Amino acid sequence: MALVALINPNTDEATTRMMAAIARRTLCPRDGHEVRGVTVAAGPPMLVDEELLRASVPHVLDAADRLLGGADGARVAAVVVGAFGDPGVEELRARTSVPVVGIAEAALRAAGAGGRRFGIATTTPGLAAAIDARAARLGWSHQYTGVRLTTGDPRRLAADPAAMTDRLAEAVDLCVRRDRAEAVVIGGGPLGEAAEALRHRFPVPVVGPIPAAAGEVLRLLR
C-alpha cells in the first residue's frame with residue numbers, strides 16, 4: 001500500500017492527528033493509500049509569524065529525510081507539507097523524486113479553478129504578508145482578493161474550536177460580501193476542522209487546504 005506522508009511543521013501532535021484524519025477521508029476510501037502524520041521534532045506548537053515559518057524549514061526537511069531514509073522510505077508515494085506557508089516545499093522537491101504538495105498551493109489552485117476570484121480567511125495576522133507573497137509567487141495575483149483576518153489571539157482561538165470557527169465564518173463573510181470573492185480558502189493546516197465545518201455555510205465554495213492537498217496527491221499519483 002502506497003504511503004502518503006503528511007508533515008506537520010509545528011510540534012502539536014493533536015494537530016498532526018487531525019490533519020492526517022482529514023486527509024484520510026479523501027485518500028483512503030478511494031484508493032486505499034495509507035496516510036501517516038509526521039510531526040517535526042522541534043519548533044513551536046503553532047506557526048504564527050514569518051520568522052517561525054522560516055525557522056520551520058529545516059525541521060520539515062529533517063522530518064522528511066528521516067522518513068524517506070527509514071524502513072518505510074521505499075513506500076512513500078507523496079509528501080504533503082501541512083502549513084499554509086508551504087515551508088520547505090521547494091527544498092524538498094529538489095531533494096526527492098516523489099511528489100511534494102504544499103497545502104497552500106493546492107488550496108489556491110482549487111479555489112482559483114475556472115478563473116474564480118478567491119480570498120483567504122485565517123487567524124494569523126503575523127502571516128498575512130507571507131500569504132500575500134505566496135499567492136503572488138504562485139501566479140494568482142489577478143484572481144486573489146486578499147486576506148481577511150479573525151479578531152483575537154490565534155493561540156487562544158486555537159484552544160477554543162467553536163469560537164475559532166465562528167470568527168473564521170465572519171472572515172469568510174467579509175471575503176464574500178466586501179471583496180466579492182467567488183471562493184474562500186481557510187488559510188491554515190491547524191484550521192482544518194473549522195474548514196470542514198464551514199464548507200456548506202456559504203453560497204460560494206469554502207476550500208479546506210487539507211482536502212485540497214489530498215486531492216492534488218490523487219491527481220499526481222494517477
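Here the structure is a predicted model, which is why all the values come from computation and not from measurement.
With sequence neighbours left out, the side-chain hydrogen bond (donor to acceptor under 3.5 Å, both in side chains) criterion links Asp179 to Arg148. By the side-chain hydrogen bond (donor to acceptor under 3.5 Å, both in side chains) test, Asp173 is found to be paired with Arg177, residues two or more places apart in sequence or in another chain being considered. For Glu90, the side-chain hydrogen bond (donor to acceptor under 3.5 Å, both in side chains) criterion is met by Arg134, not counting sequence neighbours. Taking the side-chain hydrogen bond (donor to acceptor under 3.5 Å, both in side chains) definition, one finds that Thr122 meets it with nothing, sequence neighbours left out.
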Would you please test Leu53 and Leu127 for side chain to side chain contact (heavy atoms under 4.5 Å, CB included) and show each step? CA-CA 8 Å; Leu53 185 68; Leu127 289 172; 4.1 Å; yes
Begin with the C-alpha distance, continue with both residues' side-chain angles, and end with the deciding distance and a verdict on side chain to side chain contact (heavy atoms under 4.5 Å, CB included) for Ile103 and Val81. CA-CA 6 Å; Ile103 62 170; Val81 177; over 6 Å; no
Check against side chain to side chain contact (heavy atoms under 4.5 Å, CB included), Leu108 and Ile120: CA-CA 9 Å; Leu108 269 54; Ile120 297 171; 4.0 Å; yes
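Note on residues 113-126: no pairs pass salt bridge (Lys or Arg N to Asp or Glu O under 4.0 Å), not counting sequence neighbours. Annotation: side-chain hydrogen bond (donor to acceptor under 3.5 Å, both in side chains) contacts involving residues 205-217, sequence neighbours excluded, comprise Arg109-Glu216, Glu216-Arg219. Residue pairs that meet the ring-ring contact (aromatic ring centres under 6.0 Å, His included) test with at least one member in residues 74-132, sequence neighbours left out, are Phe118-Trp140, Phe118-Tyr144. Residue pairs meeting the salt bridge (Lys or Arg N to Asp or Glu O under 4.0 Å) criterion with at least one member in residues 37-51, sequence neighbours excluded, are Glu50-Arg54. For residues 187-199, every residue pair satisfying the side-chain hydrogen bond (donor to acceptor under 3.5 Å, both in side chains) rule, not counting sequence neighbours, is listed here: Arg25-Glu196.
When all heavy atoms of Ala171 and Ala121 are compared, the closest pair comes out as CB-CB, 3.8 Å. Considering all non-hydrogen atoms of both residues, Ala23 and Leu6 come closest at CB-CD1, 4.0 Å. Heavy-atom minimum distance, Gly189 versus Ile210: CA-CD1, 4.3 Å. Of all heavy-atom pairs between Ala181 and Thr145, the closest is CB-OG1, 3.8 Å. A pairwise comparison of heavy atoms in Glu182 and Pro205 identifies O-CD, 3.2 Å as the closest pair. Across Pro209 and Ile186, no two heavy atoms sit closer than the pair CD-O, 3.1 Å.
No single ILVMFWY cluster, assembled from side-chain heavy atoms under 4.5 Å apart, contains both Val101 and Leu92. Hydrophobic cluster membership is shared by Val207 and Ile131, with clusters built from Ile, Leu, Val, Met, Phe, Trp and Tyr side chains linked at under 4.5 angstrom. Under a hydrophobic clustering in which Ile, Leu, Val, Met, Phe, Trp and Tyr are joined whenever their side-chain heavy atoms come within less than 4.5 Å, directly or via other members, Val38 and Val89 fall into the same cluster. Residue Val4 is not grouped with residue Val100 when hydrophobic side chains (ILVMFWY) are merged at heavy-atom distances under 4.5 angstrom, including chains of intermediate members. By the rule that hydrophobic residues join a cluster once side-chain heavy atoms approach within less than 4.5 Å of another member, Val35 and Leu67 end up as members of separate clusters.
Residues Pro9 and Leu47 have side chains in contact (heavy-atom distance under 4.5 Å, counting atoms from C-beta outward). Taking the side chain as every heavy atom from C-beta outward, Ser56 and Val40 never approach each other to under 4.5 Å.
Side-chain N/O atoms of Asn10 and Asp12 include no donor and acceptor closer than 3.5 Å. Using modelled atom types, one finds a donor on one side chain and an acceptor on the other under 3.5 Å when comparing Thr39 with Thr16.
Atom CE of Met19 and atom CG of Leu191 lie 10.0 Å apart (nearest 0.5 Å). Distance check: Met46 CE to Leu52 CG gives 10.5 Å after rounding to the nearest 0.5 Å. Of the inter-residue distances, the one linking Leu220 atom CG with Leu218 atom CG reads 9.0 Å to the nearest 0.5 angstrom. Rounded to the nearest 0.5 Å, atoms NE2 (His33) and CG (Leu3) are 10.0 Å apart.
With hydrogens and angles disregarded, no donor-acceptor distance shorter than 3.5 Å links the side chain of Thr26 to the backbone of Ala214. Here the side chain of Thr96 pairs no donor or acceptor atom with the backbone of Arg93 at under 3.5 angstrom.
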For residues 161-169, please give each side-chain donor-acceptor pair under 3.5 Å, one per line with the distance, not counting sequence neighbours.
residue	atom	partner	partner atom	Å
Thr165	OG1	Pro161	O	3.0
Arg167	NH1	Thr151	O	2.7
Arg167	NH1	Thr151	OG1	3.4

Which atom pairs, one a donor and one an acceptor, fall under 3.5 Å between side chains of residues 57-65 and the rest of the protein, sequence neighbours left out?
residue	atom	partner	partner atom	Å
Asp62	OD2	Arg66	NE	3.1
Asp65	OD1	Arg95	NH2	3.3
Asp65	OD2	Arg95	NH2	2.4

Tabulate below the donor-acceptor pairs under 3.5 Å that side-chain atoms of residues 68-76 make, not counting sequence neighbours, or state none.
residue	atom	partner	partner atom	Å
Asp72	OD2	Arg36	NH1	3.0
Asp72	OD2	Arg36	NH2	2.9
Arg75	NE	Met1	O	3.3
Arg75	NH2	Met1	O	3.1
Arg75	NH2	Glu34	OE1	2.4

